Amino acid sequence: MAIAPRGSGWSVLAGESARQRTVTASGPFRRGGSMVERATIETIAKHEGQEVELRGWLFNKRSSGKLVFLQLRDGTGFMQCVMFKNDFTPEVFEAAKHAPQESSLIVCGTVRADARSKIGFELSVNRFELLHAAEEYPITPKEHGTGFLMDHRHLWIRSRLQHAVLRVRASVIRAIRDYFDNNGFLLVDTPIFTPAACEGTTTLFETKYFEQMAYLTQSGQLYNEANAMAFGKVYCFGPTFRAEKSKTRRHLTEFWMVEPEMAFCDLDENMRVAEDFLVYVVSRVLDERKIELEALERDTAPLERVQKPFHRLHYSDAIRKLNELGSDISWGDDFGGDDETILTQQYDRPVMVHRYPAACKAFYMKKDPEDPRLSMSVDVLAPEGYGEIVGGGQREESLENLMAEVEKHQLPREAFEWYFDLRRYGSVPHAGFGLGVERTVTWLCGIRHVRETIAFPRMLERLTP
RNA sequence: UCCGACGUAGCUCAGUCGGUAGAGCGGGUGGCUGUUAACCACUUGGUCGCUGGUUCGAGUCCGGCCGUCGGAGCCA
């Protein structure tokens, strides 16, 4: 039984049913044997009235006696393709009717505007070719738990909502790159293998590096400062690793971070850049991903309000405010998750909390000249309870102070000799920040957990798939 | 690491007072010319996480272990 018409490079082997996934190539891959133009669902509107070929997977299907509705996805979108029984041989019609979920197909037909379609168009199919009849697909169109879905993450990413989230992520990343590239920053990436702790405090992943140990980077910070002294304004953008035993919706062990660093820059300017940058990223996503945000049922009104200026809040004022709001936090404490939530709920746009206690921050953070208990640091807290998405500040430029801090944190001084050189040869005030991509995407998508914002999340207790 | 929940069919779950296993979905077969998580009928499907104990009898009660989920601390 030949399901594809004669001339096709692909056919179903004689004597076997579609269910046995019996498609083989009988020759080199050819374009379905048809002369029609290949199209993608994303841009289907420009093919209205034309005959096109679509290649994709069967997301879902329905049938009644005389017709079959194929829900096809081709990676760029989802579209309904309609087959009438009278237009096909009984074998082909039956094959379509029985094609399992996620089977791969090639269909040809006429693009027709239809008010009943969510995307406004349907395909009236005149040719159906089954490339591979899928085995029973584990992810059904009904509900599943997150544990099950995460175990099948390699398949879960085929679904509508995961498409929407990962497309938003791609736009966020592109917007990040465009912002820095267009504002005088040079991309200079920093190493993943590092010989020692950058910040000393958090846990590092260890790995064998020939005859010695190496650690996976938890921040490009120190190298970024060297790059800034070489190029002025730089940024690095890559994965970063934290071996923290954190089990919350905000944590991954492997996540992506962009870190700009600017020579001749103080805390105030750093905050202005962070603000300008975030406004840009949010507006780009609103422009480019309307359909995806709608699919995610994201209320975009709070995102539309992300405009300059953000609220700026001194740490001491933040503590006072939190106490008024009922938190039992005291001066000197770092914010807990609840504190961040309470605080951000007071504002309609991101909040920049600056001058945290030095004890809460990394050793390289500059002290506040007006109060040495404080650091010239800033965290940007996203609204709607999403919390910290940016952390940064002005760096210590004095060799003497920096050495004292290394001593105080009991860090191995030898490992920092090259870093001290940056303060020996033309030290300047400099500042920068880091933005966590997954937390930003989580916020923009309005979803609950960071794990869905990266194709293959790495978490405590999850290394597969 | 700590605290708290939960492990029953491929999936999501119910299972009363301890009395011998259920539903919906999925899969299969059939029906239907406009379905939208389609619908209707029939059908298939179980080492009740593992282990030890109490009991005439354990999915159910108790102990241990394993796993998953959520939260805390820490952080982006």
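Numbered from 1 within each chain, the chains take letters A, B, ... in sequence-line order. Nothing here was measured: the structure is a model prediction, and the numbers come from that model. The figures here come from the full heavy-atom set of this structure, side chains too, leaving out hydrogens, waters and symmetry mates.
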Between B:A76, B:C32, B:U1, spot the one nearest the side chain of A:Lys245, thanks. B:U1
Counting the atoms with a prime plus P, OP1 and OP2 as sugar-phosphate, which does A:Thr440 contact under 4.0 Å by heavy atoms, base, sugar-phosphate, or nothing? nothing
What I want to find out is whether A:Arg167 reaches A:Glu288 closely enough, with some N-O distance under 4.0 Å, to be called a salt bridge. no
Winner on side-chain proximity to A:Arg250, out of B:U35, B:A76, B:C74, is B:C74
Should A:Tyr356 and A:Phe335 be marked as a ring pair (Phe, Tyr, Trp, His ring centres under 6.0 Å) after you check the CA-CA gap, both sets of side-chain angles, and the distance that decides it? CA-CA 10 Å; A:Tyr356 283 82; A:Phe335 295 173; 5.5 Å; yes
Can you check whether A:Phe69 stacks with the B:G34 base, using ring centres under 5.5 Å and planes within 30°? no
Which one of A:Asp379, A:Asp317, A:Asp368 satisfies the salt bridge (Lys or Arg N to Asp or Glu O under 4.0 Å) criterion with A:Arg355? A:Asp368
Report yes if a side-chain nitrogen or oxygen of A:Lys97 is closer than 4.0 Å to either non-bridging phosphate oxygen (OP1 or OP2) of B:U35; otherwise report no. no
Chi angles and distances behind the ring pair (Phe, Tyr, Trp, His ring centres under 6.0 Å) call for A:His163, A:Phe78: CA-CA 11 Å; A:His163 266 230; A:Phe78 297 79; 5.8 Å; yes
Whole-angstrom distance between B:C2 and B:U20, as gauged at atom C1': 41 Å
Check: A:Gln346 side chain, A:Leu325 main-chain N or O, donor-acceptor pair, under 3.5 Å: no
Would you say A:Asp339's side chain and A:Gly336's backbone share a donor-acceptor pair under 3.5 angstrom? yes
A:Phe335 atom CZ is separated from B:A76 atom P, nearest whole Å, by 14 Å
Closer to the 5' end of RNA chain B via nearest nucleotide, is it A:Lys118 or A:Leu435? A:Lys118
In whole Å, measure the gap between the C1' atoms of B:A58 and B:C17 for me. 14 Å
Measure the distance from CD on A:Glu135 to C1' on B:G28 and round it to the nearest whole Å. 16 Å
Here the distance between atom C1' of B:G10 and atom CD of A:Glu102, to the nearest Å, is 16 Å
Side chain of A:Leu67 - closest among B:U36, B:U33, B:C75: B:U33
Using a cut-off of 4.0 Å on non-hydrogen atoms, how would the nucleic acid contact of A:Val390 be classed: base, sugar-phosphate, or nothing? sugar-phosphate
Just how far, in rounded Å, is P of B:A37 from CZ of A:Phe59? 10 Å
Give a yes or no answer on whether the side chain of A:Asp178 reaches the backbone of A:Asp181 with a donor-acceptor pair at less than 3.5 Å. no
Taking A:Lys290 first and then A:Glu292, would you say they form a salt bridge - that is, a charged N and a carboxylate O separated by under 4.0 Å? no
A:Arg451 has its side chain closest, among B:A72, B:C69, B:G34, to B:C69
Taking the side chain of A:Arg62 as its heavy atoms from C-beta onward, which of B:G34, B:G26, B:U36 lies nearest to it? B:U36
Would you please confirm or rule out a distance under 4.0 Å between OP1 or OP2 of B:G71 and any side-chain N or O of A:Arg249? yes
Would you confirm whether A:Thr194, through its side chain, and A:Tyr215, through its main-chain N or O, come within 3.5 Å as a donor-acceptor pair? yes
Rounded to the nearest angstrom, tell me the gap between atom CD1 in A:Ile139 and atom P in B:G27. 14 Å
For a quick check, tell me whether the side chain of A:Gln80 and the base of B:U35 share a donor-acceptor pair closer than 3.5 Å. yes
Any residue in residues 144-165 of chain A with a heavy atom nearer than 4.0 angstrom to RNA chain B? Just list them by number, or reply none. A:His144, A:Gly145, A:Phe148
B:G34 base to A:Glu122 side chain: any donor-acceptor pair below 3.5 Å? yes
Measure the distance from CG on A:Leu70 to P on B:U35 and round it to the nearest whole Å. 16 Å
In whole Å, what separates the C1' atom of B:A37 from that of B:G45? 22 Å
For the side chain of A:Arg462, counting heavy atoms from C-beta on, which of B:C69, B:A76, B:G34 is nearest? B:C69
Pairwise C1' distance, B:G24 and B:C65 [rounded to whole Å]: 33 Å
If each of A:Ser124 and A:Lys61 is mapped to the nucleotide of RNA chain B with the nearest heavy atom, which maps nearer the 5' terminus, i.e. the 5' end? A:Ser124
Would you mind telling me which of B:G71, B:U33, B:C75 lies closest to the side-chain atoms of A:Ser64? B:U33
Give the ring-plane orientation class for A:Tyr179 versus A:Phe185, where under 30° counts as parallel, over 60° as perpendicular and anything between as tilted. tilted
Report yes if the distance between the aromatic ring centroids of A:Phe255 and A:Phe241 is under 6.0 Å, otherwise no. no
Please state the P separation for the pair B:G15 and B:A23 - nearest whole angstrom. 15 Å
Report which part of the nucleic acid A:Phe84 touches: base, sugar-phosphate, or nothing (heavy-atom distance under 4.0 Å, all strands). base
Would one find a side-chain N or O of A:His449 under 4.0 angstrom from OP1 or OP2 of B:G70? yes
What's the gap between B:C11 and B:G30 when it is taken at their P atoms, as a whole Å value? 27 Å
Of B:G70, B:U33, B:G27, the nucleotide closest to the side chain of A:Lys247 is B:G70
In terms of relative ring orientation, are A:Tyr347 and A:His311 parallel, tilted or perpendicular, with 30° and 60° separating the classes? tilted
For RNA chain B, what dot-bracket results from Watson-Crick or G-U pairs at under 3.5 Å, with [ ] for crossers and | for inter-strand partners? (((((((..((((.....[..))))((((((.......))))))....(((((..]....))))))))))))....
Go through B:C75, B:G71, B:G73 for me and flag the one nearest to the A:Ser246 side chain. B:G73
With C1' as the reference atom in both, quote the distance from B:C61 to B:U54 in angstrom, rounded to an integer. 8 Å
May I have the distance from A:Phe78 (atom CZ) to B:U35 (atom P), rounded to whole angstrom? 22 Å
Taking the side chain of A:Asn60 as its heavy atoms from C-beta onward, which of B:A76, B:A37, B:G73 lies nearest to it? B:A37
Rounding to an integer number of angstrom, what distance separates B:G7 and B:G46 when you compare their C1' atoms? 15 Å
Counting N and O atoms only, with roles assigned by atom type, does the side chain of A:His449 sit under 3.5 Å from a partner on the main chain of A:Arg451, one being a donor and the other an acceptor? yes
Protein-nucleotide distance (A:Met83, atom CE; B:U33, atom P), rounded to Å: 16 Å
